[in-house]
Enquirer: 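Got a structure for you, written out below as C-alpha cells; questions coming shortly.
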Amino acid sequence: MKVAREFDLRKVVPLSVDFYARDPRRVARDLLGKVVVRHLGRERMAGRIVEVEAYLGAGDAAAHAAAGLTPRNRVLFGPPGRSYVYFIYGNYYCLNASCLPDGVAGGVLFRALEPLAGLRAMARNRGLAGELTERSKRLLTTGPGRLCEAMKITRARDNDRDMTLPESGIWIGADGYRPAKIAVTRRIGITKAAEHPLRYVIAGNQFVSGAKGRSQ
DNA sequence: ATATCGATTATCT
DNA sequence: GATAATCGATATG
C-alpha cells in the first residue's frame, strides 16, 4: 500500500533571488515541484507547482514585455523573484514570477498547482460547497485564474511582492520534492508566437490543466 | 469527450 | 475600438 508522505510547511525553504535571475525557460523548468505558499491573515495555503509557462522579452510576441515597459508590466523589467499579477478577461488574475537581472524583462506564469495545505480555505475562496472529492480538488488550483482565486491573489494587494521572503505573504520554496518526468508543450490560450515549446508540466500529474494533462 | 460561446474590464492602438 | 497568458455553462456526439 502506498504511503503518502505528509506535506510539512515547516520544511519549505524559500528560493533565493539568484534562482530567478536566469533565463525564464530555465526558471520555469526548475520551478516544477516547488511550493507556492500563501499567508493571508490566519489562513495558510500551499500548493505544489505542476504547470508553468515561460515568457521571454522583446523577441516573444506573446509576452507582455514585448511592447516595451508600461505601467502595467513594469515588474517584468525589475528585479528577479517578484510577483507580477495582471488582470485578464474582465474576471481573473494571473500570477507570474519575474526573471532575469534588474533591467531585463522575462517571467514565468503559474498555470496549475497541486493543493497541499489550506484546501478548505481555497474551496471557500473558489465558491465550492460540500465535500472535496478527488474530482473537485482539481477545480481548486488547476488553471492560472483558479489558483489566484483560491489563494485570493489580486493585483492591488499582491503585485510586485518579493517572493523570496515569507513575510511577503506570497512566496515560493523547496521541500526536496523532485518531479519524476517533465513534459514540454506549446503555450495555452495565446494567438501570437503560439508555436514555441515554452509550457512545462510534471508529466502524469493529475492537477495539470487540460484534458490531456491527465494522460501525459 | 470535444466544441463553442458569453461574461466583463484594464490596457493599448 | 479591439484585444486579452480565462473560466464556466451549454450543446452535441
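A, B, ... follow the sequence lines: proteins, then strands. Residue 1 opens every chain. Keep in mind that what you see is a predicted model, and the values were worked out from it rather than measured.
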Enquirer: Go through residues 23-33 of chain A and report each residue with a non-hydrogen atom lying under 4.0 Å from DNA chain C, sorted by number.
Expert: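 None, since no heavy atom is under 4.0 Å.
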Enquirer: For A:Arg126, give me all partners under side-chain hydrogen bond (donor to acceptor under 3.5 Å, both in side chains), at least two apart in sequence or on another chain.
Expert: A:Glu149
Enquirer: Around A:Arg26, counting heavy atoms of other residues, nucleotides and ligands shown, do more than 12 lie under 6.0 Å from its CZ?
Expert: no
Enquirer: What are the residues of residues 74-81 of chain A, sorted by number, that bring a heavy atom to within less than 4.0 Å of DNA chain B?
Expert: none
Enquirer: More than 12 non-hydrogen atoms from neighbouring residues, nucleotides or ligands closer than 6.0 Å to CD on A:Glu131, yes or no?
Expert: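 No, not enclosed.
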Enquirer: Under 4.5 Å side-chain heavy-atom separation, chaining through any Ile, Leu, Val, Met, Phe, Trp or Tyr, what else clusters with A:Val104? Say none if it is isolated.
Expert: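 Answer for A:Val104: A:Leu100.
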Enquirer: Sequence neighbours excluded, which residues qualify as salt bridge (Lys or Arg N to Asp or Glu O under 4.0 Å) partners of A:Arg29?
Expert: none
Enquirer: The criterion is salt bridge (Lys or Arg N to Asp or Glu O under 4.0 Å); which residues satisfy it with A:Glu134, sequence neighbours excluded?
Expert: A:Lys137
Enquirer: Nearest 0.5 Å, what's the SG-CG distance between A:Cys148 and A:Asn125?
Expert: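 It comes to 11.5 Å.
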Enquirer: Indicate for each nucleotide in nucleotides 6-13 of chain B, in 5' to 3' sequence, whether protein heavy atoms under 4.0 Å reach the base (B), only the sugar-phosphate (S), or nothing (-).
Expert: -BBBSSS-
Enquirer: For DNA chain B, what dot-bracket results from Watson-Crick or G-U pairs at under 3.5 Å, with [ ] for crossers and | for inter-strand partners?
Expert: |||||||.||||.
Enquirer: Who pairs with A:Arg38 by salt bridge (Lys or Arg N to Asp or Glu O under 4.0 Å), at least two apart in sequence or on another chain?
Expert: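 For A:Arg38 the salt bridge (Lys or Arg N to Asp or Glu O under 4.0 Å) partners, ignoring immediate neighbours, are A:Asp158.
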Enquirer: Looking at DNA chain C, which of residues 107-127 of chain A put a heavy atom within less than 4.0 Å of it?
Expert: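 Residues of residues 107-127 of chain A that come under 4.0 Å of DNA chain C are, in numerical order, A:Leu109, A:Arg111, A:Arg126.
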Enquirer: Reading DNA chain C in the 5' to 3' direction, which nucleotide is the first one with an atom under 4.0 Å from a heavy atom of chain A, and which is the last?
Expert: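 Footprint of chain A along DNA chain C, 5' to 3': C:dA4 to C:dG8.
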Enquirer: Check this for me, if you would: do A:Arg82 and A:Asp160 make a salt bridge, where the nitrogen-to-carboxylate-oxygen distance has to be below 4.0 angstrom?
Expert: yes
Enquirer: The criterion is salt bridge (Lys or Arg N to Asp or Glu O under 4.0 Å); which residues satisfy it with A:Arg178, sequence neighbours excluded?
Expert: none
Enquirer: Is it the case that over 12 heavy atoms from other parts of the model lie below 6.0 angstrom from the NZ atom of A:Lys152?
Expert: no
Enquirer: Which heavy atom in A:Ser209 sits nearest to a heavy atom in A:Arg111, and how many Å separate them?
Expert: OG-NH2, 3.6 Å
